[in-house]
Structures are given as structure tokens and as C-alpha cells.
Colleague: 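Sharing a structure below in C-alpha cells format, with a few things to ask.
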Amino acid sequence: MLEQRYRWRNKEIREQAAIIDGKKPPAILLKNARFLHSKLRRWVEGNIWIKDDRIVYAGEALPKNTTAAEIVDCTGLTLVPGYIEPHVHPFLLYNPQTFSRFAAQTGTTTTINDNLFFFLHLQKKKAFSLLREVDESPVTMYWWTRFDAQTKLEGEEVIFSNSDVKSWLEHDKVVQGGELTGWPQLLDGDDLMLHWIQETKRLGKKVEGHFPGASDRTLAKLMLFGADCDHESMTGKDIYKRLMQGYTVSLRHSSIRPDLPVLLEDMKKMELNQYESMLFTTDGSTPAFYSQGIIDVMIRMAIDSGIPAIDAYHMASYNVARHYNLQHLHGMIGTGRIANINFLESENNPSPVSVLAKGEWVKRDGNPIIIDEDIHWEDYGIEPLALDWELTMEDLEFSMPFGVKMVNSVITEPYSIAMDISLDELPKDSDESFFALVDRKGKWRINTILKGFAREVCGFVSSFSTTGDIILIGKNKNDMRLAFERMKEIGGGIVLAENGKIVHEIRLPLSGMMSEKELPILIGEEEELRRLLADRGYPFSDPVYSLFFLSSTHLPYIRVTQRGMYDVMNKTVLFPTLMR
């Protein structure tokens with residue numbers, strides 16, 4: 001059984017070596033290939049031999065034995081390593097399988113994923129079983145383990161127990177700890193978090209930061225604590241500060257922070273033209289943001305800005321693999337690496353026409369090929385929501401003098417409520433809405449007013465949230481109850497109601513957080529939601545992240561959490577939740 005811990009068994013390696021001797025044929029031979037050789041940092045001509053999921057040879061020679069081999073003439077194509085997305089939140093309406101299938105079509109054949117959903121919704125044993133199943137996917141999935149929930153939870157110390165965090169850290173598929181959304185408590189003396197960071201480093205794994213707006217001194221302290229990389233640069237100066245302190249820098253282009261054009265322009269002005277410590281990430285964007293692609297979009301933007309093509313491709317592959325100490329498996333087309341290869345029409349067009357993932361075709365001449373079996377989510381306890389409680393008019397009583405004002409899609413600040421909120425309907429000439437967060441088990445609630453969300457949204461309910469608790473927003477209490485009943489009926493989701501009718505819904509039957517639908521369908525559903533909310537006065541760019549971050553205490557200033565209305569800057573509960 002010990003041999004199962006290794007990527008390839010001794011017998012498999014012997015068979016791979018026999019191909020070089022001509023005793024066995026490769027499964028696939030890529031002839032006349034122009035490909036990126038990352039060690040030489042140049043484009044080379046040669047032939048690539050593949051057996052199962054591994055490149056057994058890349059160079060000028062041809063195999064002596066090609067019996068039954070699939071021979072592919074690559075004349076006219078350019079081959080690059082499969083792209084690696086180092087910072088995925090694989091539960092932003094999509095699920096890990098549907099995201100990975102879509103990602104493969106765009107050339108992203110390896111992902112490094114957040115495990116927050118597993119911590120909050122699954123027992124460790126079930127989660128690890130699920131990791132084994134997703135490992136059968138043609139896309140290689142690695143994971144990181146959270147040290148905190150990025151919100152204030154009831155019983156957080158039980159959920160993020162020392163034993164569970166360390167079990168995750170020791171898992172073969174976990175390559176880093178973080179992201180450190182709870183870094184202020186680390187700086188304030190949280191020695192348990194520091195202990196987990198120490199364990200991460202002892203195991204030879206990385207620590208991912210989350211340090212928006214951090215000063216030079218703060219970045220230095222966090223480097224001393226063990227952080228390796230950060231994805232929160234918003235300007236060239238941010239990049240420079242992180243590089244100065246020795247960080248690897250992930251350049252981000254996401255649905256709530258589409259920063260890459262600014263970063264590329266600033267880098268050019270500041271002559272930051274050394275790219276070996278830079279990566280790309282889309283930081284868990286919402287589905288519609290991916291309609292044009294994923295990492296391939298960022299490579300194209302970098303090339304168009306003047307970054308040399310080889311550097312752009314390395315930021316999407318070789319640099320990532322090297323950062324995570326995975327360069328023996330990923331990040332280059334070379335002997336011994338996993339056979340993740342993108343076939344391009346030219347080096348200036350990073351969107352592939354064909355894709356090999358783990359040595360299997362997942363895209364061929366522009367046509368997608370699905371080769372993995374659908375996951376039976378119910379086997380892991382990931383099922384439709386089954387709420388055994390009713391939402392009453394008493395649950396929608398509002399009297400708090402203190403509300404939440406939206407500054408943008410994700411930043412909220414306090415404001416004093418000056419209007420009459422005892423009515424069943426709020427006036428449509430204002431931008432105030434009723435807002436409640438209700439425990440998914442029906443034990444508690446907190447009610448306030450949300451200013452700035454929209455002027456004409458009557459009833460809007462979501463089981464998609466940071467914690468999986470139920471968000472209710474709207475002008476009309478009857479429409480809010482109608483949306484809730486529909487959300488409950490479909491086993492979880494996002495529902496918009498108006499004038500006694502359901503206007504739109506996105507079904508999320510996987511724990512009320514994720515859809516089973518393939519990403520192109522989900523993209524259409526989210527785009528329709530955006531349009532409908534914009535028509536009703538939602539003024540910002542990303543309503544899905546607005547829902548997700550209403551409880552997230554890693555952002556300023558006021559959050560609504562399982563403990564109540566929370567002042568992030570002063571770390572205090574202003575108004576506690578009420579028991580139902």
C-alpha cells in the first residue's frame with residue numbers, strides 16, 4: 001500500500017523507461033512540435049512521447065517502436081504547458097467538477113483550490129473521500145487549507161480545530177495554508193494560527209497571504225511570520241512593496257477586482273520587467289466573468305501589453321509550479337512531467353484549439369470532450385437544502401436604529417436609520433431595503449436595513465452566502481416570503497420575486513451553495529440575474545459577491561454575521577443575533 005502514495009508505481013516507471021529503449025511504444029506521439037522549453041527559455045522543435053498521463057520523452061528523437069501509437073502531426077501549431085490557476089474558490093455557484101471541465105477547455109489543466117466549503121459543510125472523512133474522487137478528473141486539483149472562516153462563526157474553534165487543520169495540512173493534495181484573511185488576529189498574538197503556519201513551513205508547503213492595503217512594515221512582519229505569496233496588489237507600488245519583501249506576487253484579474261490592465265500599465269511605467277516571481281490568478285470569479293476564458297485571457301492581456309510571450313506563459317505555468325515546488329510534475333513540457341499540453345494556433349493566441357490533460361484529450365480541434373464521470377454529490381452528504389422551519393411575518397419585524405450601507409459591491413459601512421421601517425413595504429423612491437440573515441437551521445436571525453443595494457427589488461432571497469445561512473433582501477415583506485418559499489422548494493438557490501410572482505431563480509441544489517449545471521448554462525443564468533437586478537437599481541458590478549461577502553469580516557467596516565452586527569475595525573459585536 002505504501003506505493004500508492006507515489007504518483008507512479010515502480011512497475012509503471014519501468015514501463016515508461018522501456019519506451020525509450022524501444023521495447024514498448026508510447027500511447028501518443030506528438031511529431032514536428034514547436035514547443036516552449038521552459039528550462040532553455042526558448043521555442044524548440046522536436047517530438048513528444050506520452051504514455052498514460054506522463055511525458056516520457058521530449059526532444060529531437062523519434063521512438064523506435066510506434067506500434068498502435070496515436071501519431072499527431074503538430075506542424076503549424078505551437079505547444080505550451082497547461083496553465084495553472086493558483087487561487088480558485090470552486091464554489092462560486094459552480095462546483096469543483098463543472099469549473100474544472102470548463103477550465104480545461106480554456107487551457108487551464110491544474111487548479112489550486114480553497115477548502116472553505118469543506119470546512120463549513122462536510123466532516124473531514126467525507127471531504128477527504130471527495131478529494132480522492134475529484135483526483136480522478138483529467139484536471140489536476142490541489143487544495144489549500146484555511147486557518148479561519150473569514151467571518152465570525154458560532155463554534156469556530158470547533159470547526160477549525162487544531163487536529164482538523166493539521167490533518168488537512170498533512171494531506172498529499174494540500175500544497176499551502178491560508179489564505180490569511182485573519183492576519184490581523186495573527187499580528188495581535190494568535191499563536192495557534194502561528195503554530196499552523198509553522199507546521200505548514202515544516203511540511204515544505206507555502207502560505208498564501210491576503211493583505212490588501214498592507215504597509216511595507218506590515219508586509220515585512222507577515223513575511224517573518226511565514227507568508228510566501230500575496231494576490232492583493234492593486235497598483236504597481238503594491239507589487240513593488242511585495243517584491244521588495246521577497247514575496248511571490250499573484251497578479252489578479254477578477255470579477256470584483258479586474259485589476260490587470262492597471263497593474264500591467266504600472267509595471268511598465270515602473271520598469272518592473274522581471275517576471276519570475278509573478279503569477280496570474282482570477283481569484284474565484286463569478287461565472288459570467290469567465291465567459292471569455294480564464295488564465296488564457298490574462299496571458300493575452302500580458303502579451304498585448306508588451307510582456308515577452310515566454311514570460312507571459314511562464315507566469316501561467318512554470319512560475320506557479322516552481323513556487324509550489326511542483327516543477328517535477330507541472331509547468332513545462334519536459335520528460336517526466338504530467339502530460340498537460342495546450343495546442344495553440346500561434347504563440348500570440350493563448351486560447352487552445354486542442355488540450356491534453358493527464359495525457360487525455362479534453363478538447364480536440366475546438367470540440368470539447370468530457371471524459372470524467374459525474375460526481376454523485378449525495379454520496380458525500382452534499383444534498384439539496386431541506387429546511388424544516390417556516391419564515392413568519394414575525395421574522396420580518398424591523399426596529400433596529402442602525403443599518404448597513406453598501407459603498408461598492410463588497411464594502412459596507414454603518415449608517416443611522418431615519419425612516420419608518422415598521423411598514424410591510426418600503427417606498428421605492430429610496431434605496432433602503434429590508435435585510436435579514438437567518439440561520440439555515442432556523443435557530444436565530446438578525447434584521448436590519450440595507451442601504452444602497454437597489455431601489456426596486458421587492459423580494460430577493462439567497463442560500464448562497466459565506467456561511468450558507470439565508471439572506472433576505474427586499475422592499476416588500478410578502479415578496480420576500482414568496483422568494484424564501486421558492487428557494488426552500490427548490491432545495492436552495494437565489495430567487496427574485498416581484499408583485500407575487502417569481503421573476504428569476506438560480507437553483508443551487510448542492511448544499512444551497514453550488515449548481516450542478518455546466519458553466520456555460522450557469523453563465524447565462526447569472527448574466528440574467530445581473531440584468532434584472534440592474535434594471536431594478538442595483539448600481540454595482542457583482543451581485544453574487546455582494547451576497548457572498550455580506551458576512552465576511554476580512555473586509556471593512558460592518559458585517560452581519562452568525563454572532564450579529566459586527567464592527568470589523570473594533571472587533572466587537574454591536575447587536576447580537578436574536579433567537580427565533
Side-chain angles (χ1 to χ4, degrees), residues 30 33-46 48 55 58-59 74 76-88 103-112 139-140 229 231 239 248-253 260-261 263-264 267-268 272-282 290 292-324 326-358 362-363:
L30 306 178
R34 177 182 185 262
F35 65 95
L36 175 57
H37 194 290
S38 297
K39 291 287 188 182
L40 294 173
R41 286 186 56 83
R42 66 177 63 169
W43 305 99
V44 300
E45 304 276 344
I48 301 160
I55 298 170
C74 298
L77 295 172
T78 294
L79 278 57
V80 296
Y83 311 139
I84 306 171
E85 168 49 282
H87 197 96
V88 177
Q105 300 305 305
T106 68
T108 296
T109 55
T110 302
T111 62
I112 300 174
V139 169
T140 305
C229 180
H231 57 279
I239 296 172
T248 297
V249 177
S250 282
L251 306 181
R252 178 174 55 189
H253 192 63
L260 192 58
L263 296 176
L264 293 171
M267 286 162 58
K268 191 182 301 183
L272 293 175
N273 52 14
Q274 169 57 265
Y275 309 106
E276 290 185 359
S277 294
M278 296 184 190
L279 322 176
F280 290 134
T281 182
T282 58
Y290 292 129
Q292 302 303 312
I294 303 181
I295 295 297
D296 54 322
V297 173
M298 300 187 71
I299 298 169
R300 181 177 292 107
M301 293 169 72
I303 293 172
D304 290 347
S305 79
I307 291 177
I310 288 176
D311 287 305
Y313 285 107
H314 276 186
M315 292 158 77
S317 55
Y318 187 64
N319 293 2
V320 189
R322 192 176 57 213
H323 174 72
Y324 287 104
L326 295 170
Q327 65 269 42
H328 61 296
L329 296 174
H330 297 285
M332 66 177 287
I333 298 174
T335 301
R337 274 65 179 188
I338 295 172
N340 295 331
I341 301 173
N342 291 331
F343 299 72
L344 312 179
E345 292 177 336
S346 78
E347 67 188 66
N348 294 318
N349 183 2
S351 298
V353 294
S354 298
V355 180
L356 277 174
K358 293 181 182 173
V362 294
K363 186 177 188 180

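Along the sequence shown, residues are numbered consecutively beginning with 1.
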Colleague: What's the shortest heavy-atom distance between N342 and G82, and which atoms?
Modeller: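 It is ND2-CA, 3.6 Å.
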Colleague: So do the side chains of I310 and L36 get within less than 4.5 Å of each other, counting heavy atoms only?
Modeller: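 The answer is yes, as the side chains (C-beta and beyond) meet within the 4.5 Å cut-off.
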Colleague: Rounded to the nearest 0.5 Å, what's the gap from CZ on F280 to CE on M315? Could you check?
Modeller: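 Going from CZ on F280 over to CE on M315, the span is 3.5 Å.
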Colleague: What I'd like to find out is whether the side chain of Q292 reaches to under 4.5 Å of the side chain of S351, using heavy atoms alone.
Modeller: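 Not in contact.
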Colleague: Taking the side chain as every heavy atom from C-beta outward, state whether L30 and I341 have any atom pair closer than 4.5 Å.
Modeller: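 Contact flag for L30/I341 side chains = yes.
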Colleague: Is there a side-chain contact between M267 and N273, using heavy atoms and a 4.5 Å cut-off?
Modeller: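 The answer is no, as the side chains (C-beta and beyond) never meet within the 4.5 Å cut-off.
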Colleague: Do you know which two heavy atoms are closest between A312 and I307, and how far apart they sit?
Modeller: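 Result for this residue pair: N-CG2, 4.0 Å.
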Colleague: Would you say C74 and L79 make side-chain contact, with heavy atoms under 4.5 Å?
Modeller: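 Contact flag for C74/L79 side chains = yes.
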Colleague: Is a side-chain N or O of D311 found less than 3.5 angstrom from the main chain of Y275, in a donor-acceptor match?
Modeller: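 Between the backbone of Y275 and the side chain of D311 there is no qualifying donor-acceptor contact (under 3.5 Å).
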Colleague: Shortest non-hydrogen contact from I84 to S317?
Modeller: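 Minimum heavy-atom contact is CD1-O, 3.5 Å.
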Colleague: Sub-3.5 Å donor-acceptor pair from the side chain of N340 to the main-chain atoms of H330, do we have one?
Modeller: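 Absent.
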Colleague: Can R34 and T78 be counted as having a side-chain donor-acceptor contact under 3.5 angstrom?
Modeller: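 Checked: R34/T78 side chains pair up, N/O donor to acceptor below 3.5 Å.
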Colleague: Out of curiosity, M332 CE to I55 CD1, how far, rounded to the nearest 0.5 Å?
Modeller: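 Spacing of CE (M332) from CD1 (I55) equals 8.5 Å.
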Colleague: Donor-acceptor pair, distance only, cut-off 3.5 Å: does the side chain of Q105 make one with the backbone of G293?
Modeller: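 No.
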Colleague: Applying side chain to side chain contact (heavy atoms under 4.5 Å, CB included), run through F343 and K363 and close with a yes or a no.
Modeller: CA-CA 10 Å; F343 299 72; K363 186 177 188 180; over 6 Å; no
Colleague: Look at the rings of W43 and Y313 and say which category their plane angle falls in: under 30° parallel, 30 to 60° tilted, over 60° perpendicular.
Modeller: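 Answer is perpendicular, since the angle exceeds 60°.
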Colleague: Please name all residues satisfying side-chain contact (heavy atoms from CB on, under 4.5 Å) with T248, sequence neighbours left out, ordered by chain then number.
Modeller: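 T248 satisfies side-chain contact (heavy atoms from CB on, under 4.5 Å) with C229, L279, H323 once adjacent residues are dropped.
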Colleague: Counting distance only, does the side-chain N/O of R322 pair as donor-acceptor with the main-chain N or O of G331 below 3.5 Å?
Modeller: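 A pair under 3.5 Å: no.
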Colleague: Side chain to side chain contact (heavy atoms under 4.5 Å, CB included) for V362 and V355? Distances and angles first, verdict last.
Modeller: CA-CA 6 Å; V362 294; V355 180; 3.6 Å; yes
Colleague: Once rounded to the nearest 0.5 Å, what's the spacing between atom NE2 of H37 and atom CD1 of I333?
Modeller: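 The CD1 atom of I333 is 9.5 Å from NE2 of H37, to the nearest 0.5 Å.
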Colleague: Hey, does the side chain of D296 reach the backbone of I294 with a donor-acceptor pair shorter than 3.5 angstrom?
Modeller: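 It does hold such a pair.
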Colleague: Kindly compute the distance separating OG (S354) from CG (L344), expressed to the nearest 0.5 Å.
Modeller: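 If I round to the nearest 0.5 Å, the distance is 10.0 Å.
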Colleague: Rounded to the nearest 0.5 Å, what separates atom CG in L264 from atom CG in L251?
Modeller: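 Result: 7.0 Å between the selected atoms.
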Colleague: Using a 4.5 Å cut-off on heavy atoms from C-beta on, say whether the side chain of L77 contacts that of V353.
Modeller: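 In short, these two side chains touch, coming nearer than 4.5 Å.
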Colleague: Could you tell me whether a side-chain N or O of H253 sits under 3.5 Å from a main-chain N or O of L260, the two making a donor and an acceptor?
Modeller: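 Judged by distance alone, yes, a pair lies under 3.5 Å.
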Colleague: Go through it in stages, so that I can follow the logic: the residues are H87 and R252, the test is side chain to side chain contact (heavy atoms under 4.5 Å, CB included), and I'd like the CA-CA distance, side-chain angles, deciding distance and then a yes or no.
Modeller: CA-CA 10 Å; H87 197 96; R252 178 174 55 189; over 6 Å; no
Colleague: Would you name the heavy atoms of T335 and A58 that are closest together and state the gap between them?
Modeller: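 Taking every non-hydrogen atom into account, OG1-N, 3.2 Å.
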Colleague: Evaluate side chain to side chain contact (heavy atoms under 4.5 Å, CB included) for K358 paired with I338, printing each intermediate quantity in order.
Modeller: CA-CA 6 Å; K358 293 181 182 173; I338 295 172; 4.2 Å; yes
Colleague: Could you measure the distance from the OG atom of S38 to the CG atom of N319? Nearest 0.5 Å is fine.
Modeller: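 Taking OG in S38 and CG in N319, the distance rounds to 9.0 Å.
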Colleague: Within the 3.5 Å criterion, strictly below it, is a donor on E85 or T281 matched to an acceptor on the partner's side chain?
Modeller: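 Checked: E85/T281 side chains pair up, N/O donor to acceptor below 3.5 Å.
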